[in-house]
Amino acid sequence: MIHRCIEKRLQAAVSAVVPEADTRRVLVRPCPEPKHGDYQANALMMLARQHRLNPRELAEKVVAALDVSSWCEQVTVAGPGFINFRLSGSALNARLQHVLGSGGSFVEATAEPRTVVIDFSSPNVAKPMHVGHIRSTILGDALARVFRRLGHRVITDNHIGDWGTQFGMLIVGWRTLLNEEALQRDPIAELERLYQAVNHAAKEDGSVRDQARAQLVKLQGGDLENLSIWRRMQALSQSQFDSVYARLGIRFDHTLGESFYNDQLAGVLGELSRAGISEESDGAQVVFFRDHSTLHDKPALIRKSDGAANYCTTDLATLRHRVKQWQADEILYVTDGRQQLHFQQVFAIFGKWHPACAAKLEHVWFGSILGPDGKPFKTREGEVVKLTALLDEAESRALAAVTEKNGELPPTQRIEIARAVGLGALKYADLSNNRQSDYVFDWDKMLSLQGNTAPYLQYACTRVRGIFRRGEMPDTQGATLALAAPQELALAKRLLNFGLVLEMVAAEYRPNYLCSYLYDLAGDFTAFYEACPVLKAPPVERQSRLALCKLTSLVLREGLDLLGIEVPDQM
RNA sequence: GCGCCCGUAGCUCAGCUGGAUAGAGCAGCGGUCUUCUAAACCGCAGGUCGUUGGUUCGAGUCCAACCGGGCGCGCCA
């Protein structure tokens, strides 16, 4: 990547001028304002302050010691000490040509691959997946794709909620109220009905509650009949999950639910207790963080007074497994922001338990999806929105749009387009927001062809494709780039930054950076498309522009693919 | 009581180590199809970045206090 080459030279020049300087923070980034240059460095102003130098003079000395003529036609010092770099046309053309010829890309694999475990989605057995699972599922998948693309070893793990007190209720329901026919027809709905019925009954009748508790104890004690009911529920749920993930194009390397750790929990509790990390309090085992600045008054419960472990314990066992068995360098938990305290506690306990562990633990949290009223997204009836219903509606709304705009296409093709557009729109709506923000769910906005949406980007792809469909498929492989028009240059320069953007996504776990980038890229392409004829251009421009289109198409498609979004050939 | 998050244009949202004149879409107003997909594009208008202080060459971004809203805090996960 060119900016990295410039950066290395710049760091060397800084070291030559100020030998004691720490150059790790001397970075070269794209200029937000193209009129200043293509890349800029503003770290010298900070450096000057640290070393009590005049920033402007320092910048000028560094520039004097800097040779980046292989890539830049101009290097200037501006304002209080910005260094601005203007790429030379020849370097730009050469870089694009190289990517084209090598069949390579604008992404550079990391020099330091890490093992990154990503925990996301995590639905519950016997419950339908709902809108609450969508952000985790989509964000986690996109992050997994980006980390893989950067050359990291990624392990995705679906930590399913397949164990817990709800199974007492469910087993009572299964034993007393099960309708086999309904179970055949819609297993999850039937399981949900059982749970609700028993839960309702338990509220009024203490003996039902006692039954549920008794069945739970039997299950936990290894009762064969209850175990087999539980396994049946698990299998039914898994097939529901599988069908949703298949629709979304998502796969997991592992699906190790909470139950996988059952036989490790006693050991975990024993170790924590023996190490003096946990202590008894009101009959429960609790970890206190007495010296901790924010957790000092927030103890964590790891074993209930009835002797049962809870999700804190399970998460500790899970964490140990990931660190020990998978040798994780980095573990990402993609969950709702409301679990921040929980993960702070889990990470803090793990730190006491395995002080030598250097794995980076990150709670990649996200905000809520809101309805038009600004309150948590619900159906008109006030119920949670089921994920399958959401996917269905996305596809049917997209189908209506495709039919309206392109009704002459055969129905099967329209359905296929609608699938890609509808699901793409849904995913993109989530990914394009800053994950930590709450956002308002709006069908019209996400399916719009205007603005920062998936359909707009997909449409940009089909426009590029349209050029190739119209003309004969040209040999862009050996094309000579001869970019000249400002729109061509702007587009080409944007392409160069693709890899950098992916690195930013991975560094902060924020796919919305990629979305913004793709939207800007599509905007650059549109400007080019409006201003520069391709097929009708004279031969030299024509092949150069075809090559530029080819590269744009590659980046747009790969970028969308990294977000888990498909691109139809036509729209 | 303790802690986390949010407050940017009428609405929905971006805003990358603090960096140059705070951006986009919608809605509003005005333009552009004999020309590679107009499901598109161009232009205009729209802002005391919640308030007040502080840090500094420079603050939407960092710090403090306050106002307004959301969420979490030992036997659910």
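All figures in this text were calculated on a predicted structure; none of them were measured in a lab. A note on names: the letters A, B, ... follow the listed sequences, proteins ahead of strands, and every chain is numbered from 1.
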| query | Between A/H342 and A/Y311, what is the ring plane arrangement, given parallel below 30°, perpendicular above 60°, and tilted in between? | reply |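 Because their plane-to-plane angle is under 30°, the rings of A/H342 and A/Y311 count as parallel.
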Any donor-acceptor pair, under 3.5 Å, between the side chain of [X] and the base of [N], if you only look at N and O atoms?
X	N	answer
A/S305	B/C75	yes
A/N84	B/A20	yes
A/K298	B/C2	yes
A/R49	B/G58	yes

Just to confirm, is there a sub-4.0 Å distance from OP1 or OP2 of [N] to any side-chain nitrogen or oxygen of [X]?
X	N	answer
A/N406	B/U37	no
A/Q450	B/A40	yes
A/N433	B/A14	yes
A/R303	B/G74	no
A/R510	B/G15	yes
A/Y456	B/U37	no
A/N512	B/G15	yes

Nucleotide [N], atom [atom2] - distance to [atom1] of [X] in whole Å:
X	N	atom1	atom2	value
A/D297	B/C4	CG	P	11 Å
A/M504	B/G15	CE	C1'	10 Å
A/L518	B/A24	CG	P	18 Å
A/Y195	B/A77	OH	C1'	11 Å
A/H292	B/C2	NE2	C1'	14 Å
A/N310	B/G74	CG	C1'	9 Å
A/D444	B/C11	CG	P	19 Å

| said: From the set B/A14, B/A20, B/G74, return the single nucleotide nearest to any side-chain atom of A/S437. | reply: B/A14
| query | Between A/E404 and A/R414, is there a salt bridge with N-O shorter than 4.0 Å? | reply | no
| field | Stacking of A/F82 on B/A20 base (centres under 5.5 Å, planes under 30°) | value | yes
| request: For A/H36 and B/A20, say yes or no: do the ring centres fall under 5.5 Å of each other while the ring planes differ by less than 30°? | output: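 Yes; by the centre-distance and plane-angle rule, A/H36 counts as stacking on B/A20.
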Side-chain donor-acceptor pairs of residues 420-435 of chain A under 3.5 Å, sequence neighbours excluded:
residue	atom	partner	partner atom	Å
A/K427	NZ	A/L248	O	2.6
A/K427	NZ	A/G564	O	2.7
A/Y428	OH	A/N452	OD1	2.5
A/Y428	OH	A/C515	O	3.0
A/D430	OD1	A/R135	NE	2.7
A/D430	OD2	A/Y439	OH	3.3
A/S432	OG	A/Y428	O	2.8
A/N433	ND2	A/A429	O	2.8
A/N434	OD1	A/Q436	N	2.9
A/R435	NE	A/Y509	O	2.8
A/R435	NH1	A/W365	O	2.8
A/R435	NH2	A/E508	O	3.1

| request: Give one of base, sugar-phosphate or nothing for A/T526, where a contact means two heavy atoms less than 4.0 Å apart. | output: sugar-phosphate
| Charged tip of A/R290 within 45° of A/F288 ring normal and under 6.0 Å |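 A/R290 over A/F288 ring: yes.
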| query | Quick one: which of A/D22, A/V26, A/V62, A/T23 gives a side-chain contact (heavy atoms from CB on, under 4.5 Å) with A/S15? | reply | A/T23
| request: Tell which nucleotide pairs with B/G30, taking only Watson-Crick or G-U wobble pairs whose two distances are both under 3.5 angstrom. | output: B/C42
| message | Could you identify the nucleotide paired to B/A24, looking across every strand shown and requiring Watson-Crick or G-U wobble geometry with both distances under 3.5 Å? | response |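 Per the H-bond distance test, B/U12.
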| query | Since syn is defined as within 90° of 0, does B/G74 count as syn or as anti? | reply | syn
| message | If the glycosidic angle sits within 90 degrees of zero it is syn, else anti. Tell me which applies to B/C5. | response |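 Glycosidic conformation of B/C5: anti.
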| request: Could you tell me whether the side chain of A/L562 reaches within less than 4.5 Å of the side chain of A/F498, counting heavy atoms only? | output: yes
